[in-house]
Amino acid sequence: MTIITPPPITRQITRESAMRVRFAPSPTGYIHIGNVRTAIINYLIAQKTGAVMVLRIEDTDMERSTVESEKSIMEDLKWLGIRWQEGPDVGGNHGPYRQSERFGIYREYTEKLLAQGDAYHCYCSQEELDAMRAEAESKGTAFTYNGKCRNLTPEQKKKLEAEGRRPTVRFRVPDGETVSFRDHIKGPVTFSSENIGGDFIIVRSDGTPIYNYIVTIDDTLMGITHVIRGEDHLSNTPKQILVARALGLNVPEYAHLALVLGPDRTKLSKRHGITSLNLYREEGYLPEALINYLAMLGWASDTGEEIIPIKDIIAQIDITNLAKSAAIFDFQKLKWMNGKHLRELPLDRATDLFTPFIAKAGYDVSDRKFIERIVSVVQVKCEVLSDIGRLAGIFMEDAPEPDDEAAAMLRSEEGRQVIEAAAALFAGEINAGNFAESLVNAVKDRTGLKGKKLFMPLRALITGRLQGPELDQALPVIGFERVSKRIERCRKTFC
RNA sequence: GUCCCCGUCGUCUAGGGGUCGAGGACACCGGGUUUUCAUCCCGGCAACAGGGGUUCGAAUCCCCUCGGGGAUGCCA
C-alpha cells in the first residue's frame, strides 16, 4: 500500500461536461451476481451515452480486502466483455483508483472537517457502543449515537487517550436538515437528518476511512456525473450528501437500481449459493447470455423480444426505463436464455467455446475437425457449455457402458430384437461404406419396429443412453468401428 | 422499532386514465413437426394486494391499510 501526498483540495475538484460513470466493487471475494448486474448496467449505459467508465477498487476494509479478489473481479468483468477507460490497471487522470492508495487525500478532508467542527474524535469503545445498541434494542427504539463525545475538552481527551483508547472520527450530523435528491430511477427521495442514526463514524480507530465518508469524495474528485448503484445504498445517500455539503463538494446524480433477490425474496447473497460469477463461467454460461438476462431483469426491450444482442440492448436501454421494483433471480430462465444463445452460435465459435469443456471432461481434443463434427451434432442439445461433457463420450469412447435407463431399454423385448438385428446386419450386408445411411432402416425392416419403439432401443444401443443427438447425424461421427464394437458389446451383455 | 424504497400471472415483465373481458417470456400442462429424446411450432393454465377517493371512465392519479425489501456496522 502506498500513501500518496495529497494535492491541495481545491485543485482536485474537476468539473467535466461529459458523462462519467463508475463501478466500485470491494475486493472481498468473488464478484457476486448482483454486483455483476450493477457493472453491466453501468457499462451498457456508458456504451449508450459515450460516458467514460471508471473502475474504482473500494478496499478500505483492510481485514477483508485481498489482491486476489481484486484480480478475479477484473478478470470476470473482462470475461464478460466489460471495459473501463480508467482504473487501477489502466490508469487515468483521476487516480489513484484504489482507495487504499488515497488515504492521504481523505486525511486532508478529515482535518478540514475536524477544523470546521463538522467532525470530532469519539473515544467510545466497541463494547460501550454495543451496550448502547443493545439497550436501544431492548427498549424497541432506534439506536442513535448519543453524542457523548461531541464536546470533549482537551483534558478529557487526554485522559481517555491515557487509558489507551484510540479514537474514531465521527461526522457531526446537523439538526433539522432535510436532504432530498431526485433519483433517476426512484424519483424524488427525501430524508430528514434526524433519521439517519446520529453522528456516524467516518474514520476507524486505526485511521482508515469508512465507505459512506469517502465515496462521495472519490466520486466528485473522479468527476463522476452519474452514480448508478444498488438500491441498498439508497438509505446511505443522505449521509454521503451531508458529508459533501460540509466539505463543499457537489454531489453527482443518482440512479439506484432495484435489487436482485434470491428465491426467498431477500437480497441475493452468498447464502443463495449460485451467486458468484465464476461459477457461471465454469458451468459454461456465455457472457452475452448473462448480460442479456441480467439486463432483462428489471428492463424490457421495445418489442418485447427477449433474446436480444448486446448492441440492441445498448440502443434501447435507458437510465429512465429501468424497473423500480426488485426482481427475483430466475436461474431456470437464465439457463433457457443461455441455451438460446448457445444454439445461435456459429459452428466455428461454438467449437472454440466447447473445446475446453470437452477437454475438462477428460477427452482428447487435438483433432479440431472431429471436435467440430461433434459440436455440430450436439450443439442443439446443450443449454450450457458443460452439458457437452456428458455427451462427448458418445463419440469419444469405443463402447461406453449404457446407463441404467438405456440398459433397461436394451433388456426389453424390443431392445433384444434391435440388438440381434443390428448384429446380424453387421455380420452381413452392412459395412463401413453404407452403415450410416442403412442401419436404421435395415433394423426397421428386419424387426418390423418403428417410431419410438425402433429409435429408443437403437439410441440405447448406439449411444448408451436414451437422450442425445439425432441418430442420423451421430452415426457417421461415431464411425463404423465403434458402432460395431457397441453392438458386439450389447449382444454379449443383453442377449 | 424507526427511516427509505417497492407492490400486474408461481417468476421476469408490457401497460402510464378509455383501444385491457390485461399482452409477451420462463416454468408447468396438452397437441403438432421430427421414422427418436431434444430443438422448433401451436394451444392451455395463470395476475392488476385490499379499501376508500378523483373521474363519464382507473391496472394506470391521490390517500389509507396490508404485504415485501433495504438501511439502521469501527462492512461496502
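A, B, ... follow the sequence lines: proteins, then strands. Residue 1 opens every chain. Everything numeric here is computed off the predicted structure, so don't read it as measured data.
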>> Just to be sure I understand the rule, does A/Lys453 reach a base, reach only the sugar-phosphate, or reach nothing, if contact means heavy atoms closer than 4.0 Å?
In response: nothing
> Using a cut-off of 4.0 Å on non-hydrogen atoms, how would the nucleic acid contact of A/Asn441 be classed: base, sugar-phosphate, or nothing?
Replying inline: base
> Hey, mind stepping through A/Arg245 and A/Thr216 against side chain to side chain donor-acceptor pair (under 3.5 Å) and telling me if it holds?
Replying inline: CA-CA 10 Å; A/Arg245 276 186 195 167; A/Thr216 309; over 6 Å; no
> Looking for any heavy atom pair under 4.0 Å, which part of the strands does A/His233 touch: base, sugar-phosphate only, or nothing?
Replying inline: base
>> What's the closest nucleotide to the side chain of A/Thr266 if the choices are B/G70, B/U35, B/C37?
In response: B/G70
> Reckon A/Thr190 touches a base, only the sugar-phosphate, or nothing at all at heavy-atom distances under 4.0 Å?
Replying inline: sugar-phosphate
> In Watson-Crick or G-U wobble terms, both distances under 3.5 Å, what is the partner of B/A49?
Replying inline: B/U65
>> I want to confirm an ordering. Mapping A/Glu305 and A/Gly187 to their closest nucleotides on RNA chain B, which one lands closer to the 5' end?
In response: A/Gly187
> Can A/Arg170 be said to sit on top of A/Tyr145's aromatic six-ring, NZ or CZ under 6.0 Å from centre and within 45° of the ring axis?
Replying inline: yes
>> By the 4.0 Å heavy-atom rule, please label A/Gly230 as base, sugar-phosphate, or nothing.
In response: nothing
> Using atom C1' of each nucleotide, how far apart are B/G7 and B/G51 to the nearest Å?
Replying inline: 15 Å
>> Among B/C5, B/A76, B/C6, which nucleotide has an atom closest to any side-chain atom of A/Ser325?
In response: B/C6
> Say you pick atom P in B/G50 and the same atom in B/U60; how far apart are they, in whole Å?
Replying inline: 10 Å
> Residues in salt bridge (charged side-chain N to carboxylate O under 4.0 Å, His left out) with A/Lys335, at least two apart?
Replying inline: none
> Just wondering, do A/His256 and A/Thr237 contact through their side chains at under 4.5 Å, heavy atoms?
Replying inline: yes
>> Please name the nucleotide paired to B/U72 by Watson-Crick or G-U wobble geometry with both distances under 3.5 Å, or report none.
In response: B/G1
> Of all the nucleotides listed (B/A27, B/C75, B/C3), which has the minimum atom distance to the side chain of A/Arg64?
Replying inline: B/C75
> With no angle test and no hydrogens, is the base of B/A27 tied to the side chain of A/Lys333 by a donor-acceptor pair under 3.5 Å?
Replying inline: no
Pairs under 3.5 Å (N/O, protein and nucleotides 20-23 of chain B):
none

>> Tell me whether A/Glu306 is salt-bridged to A/Lys340, with the criterion being a basic N under 4.0 Å from an acidic carboxylate O.
In response: no
> Under 4.0 Å: is that the gap between some side-chain N or O of A/Thr60 and OP1 or OP2 of B/A76?
Replying inline: yes
> Stepwise, does the ring-ring contact (aromatic ring centres under 6.0 Å, His included) test hold for A/His226 with A/His184?
Replying inline: CA-CA 9 Å; A/His226 299 253; A/His184 279 280; 5.5 Å; yes
>> Would you call the rings of A/Tyr280 and A/Tyr285 parallel, tilted or perpendicular, taking 30° and 60° as the class edges?
In response: perpendicular
>> What is the distance, to the nearest angstrom, from the CG atom on A/Asn321 to the P atom on B/U13?
In response: 12 Å
>> What's A/Gly451 touching, base or sugar-phosphate or nothing? Going by heavy atoms closer than 4.0 Å.
In response: sugar-phosphate
>> Is the shortest side-chain heavy-atom distance between A/Thr463 and A/Leu471 below 4.5 Å?
In response: yes
> Toward the 5' end of RNA chain B, which comes first, A/Gln467 or A/Val189, by nearest nucleotide?
Replying inline: A/Val189
> To the nearest Å, how far apart are A/Glu63 CD and B/A76 C1'?
Replying inline: 14 Å
> With respect to the phosphate group of B/G73, does any side-chain polar atom (N or O) of A/Arg133 fall under 4.0 Å of OP1 or OP2?
Replying inline: yes
> Do the ring centers of A/Tyr293 and A/His341 come within less than 6.0 Å of each other?
Replying inline: no
> Looking across every strand, which nucleic acid part, if any, lies under 4.0 Å from A/Leu259 by heavy atom: base, sugar-phosphate, or nothing?
Replying inline: sugar-phosphate
> Does B/G69 have OP1 or OP2 sitting under 4.0 Å from an N or O in the side chain of A/Lys267?
Replying inline: no
>> Run A/Tyr106 and A/Tyr213 through ring-ring contact (aromatic ring centres under 6.0 Å, His included) and show every step you take.
In response: CA-CA 9 Å; A/Tyr106 311 135; A/Tyr213 167 43; 7.0 Å; no
> Quick one: is A/Lys340 getting a side-chain N or O under 4.0 Å of the B/C40 phosphate, OP1 or OP2?
Replying inline: yes
> Expressed as a whole number of Å, how far does the C1' atom of B/C45 sit from that of B/A27?
Replying inline: 12 Å
> If you look at every strand shown and take non-hydrogen atoms under 4.0 Å, does A/Val440 touch a base, only sugar-phosphate, or nothing?
Replying inline: base
>> What I want to find out is whether A/Glu383 reaches A/Lys333 closely enough, with some N-O distance under 4.0 Å, to be called a salt bridge.
In response: no
>> Can you tell me the base-pairing partner of B/U54? Count Watson-Crick or G-U wobble geometry only, both distances below 3.5 Å, and say none if there is no partner.
In response: none
>> I want to verify a distance call: between B/C74, B/A27, B/C12, whose nearest atom is closest to the A/Trp336 side chain?
In response: B/A27
> Distance between the P atoms of B/C61 and B/U8, in whole angstroms?
Replying inline: 13 Å
> Does A/Arg165 make a cation-pi contact with A/Tyr123 (under 6.0 Å, within 45 degrees of the axis)?
Replying inline: no
>> In whole Å, measure the gap between the C1' atoms of B/A47 and B/G21 for me.
In response: 14 Å
>> Check this one for me: any side-chain N or O of A/Lys239 less than 4.0 Å away from OP1 or OP2 of B/A71?
In response: no
> Hey, can you pull the residues of residues 378-391 of chain A with a non-hydrogen atom under 4.0 angstrom from RNA chain B?
Replying inline: A/Val380, A/Lys381
> Between the base of B/C3 and the side chain of A/Ser235, is there any donor-acceptor pair under 3.5 Å?
Replying inline: no
> What nucleotide among B/G70, B/C12, B/U13 has an atom nearest to a side-chain atom of A/Ile328?
Replying inline: B/C12
>> Under 4.0 Å, counting only non-hydrogen atoms across every strand here, what does A/Tyr211 touch: a base, just sugar-phosphate, or nothing?
In response: base
> Within the structure, does a side-chain N or O atom of A/Arg204 lie under 4.0 Å from either OP1 or OP2 of B/G73?
Replying inline: no
> Between B/G68 and B/U34, how far is it from one C1' atom to the other, in whole Å?
Replying inline: 46 Å
> Which listed nucleotide (B/U35, B/U11, B/U2) is nearest to the side chain of A/Asn195?
Replying inline: B/U2
>> Could you identify the nucleotide paired to B/C26, looking across every strand shown and requiring Watson-Crick or G-U wobble geometry with both distances under 3.5 Å?
In response: B/G10
> So do the side chains of A/Phe23 and A/Thr38 get within less than 4.5 Å of each other, counting heavy atoms only?
Replying inline: yes
>> By nearest atom, which of the nucleotides B/A27, B/U13, B/C6 is closest to the A/Gln332 side chain?
In response: B/A27
> Taking atom P in both B/A49 and B/G44, what distance in whole Å separates the two?
Replying inline: 24 Å
> How is A/Glu306 classified with respect to the nucleic acid when contacts are heavy atoms under 4.0 Å: base, sugar-phosphate, or nothing?
Replying inline: base
>> Just the rounded figure in Å: distance from P of B/C5 to CZ of A/Arg265.
In response: 20 Å
>> Under 3.5 Å, is there any donor-acceptor pair linking the side chain of A/Asn236 to the base of B/A76?
In response: yes
>> With ring-ring contact (aromatic ring centres under 6.0 Å, His included) as the criterion, how do A/Tyr30 and A/His32 come out once you've worked through the C-alpha distance, each side chain's angles and the decisive distance to 0.1 Å?
In response: CA-CA 6 Å; A/Tyr30 287 113; A/His32 165 277; over 10 Å; no
> C1' atom, B/A22 versus B/G16: distance in rounded Å?
Replying inline: 14 Å
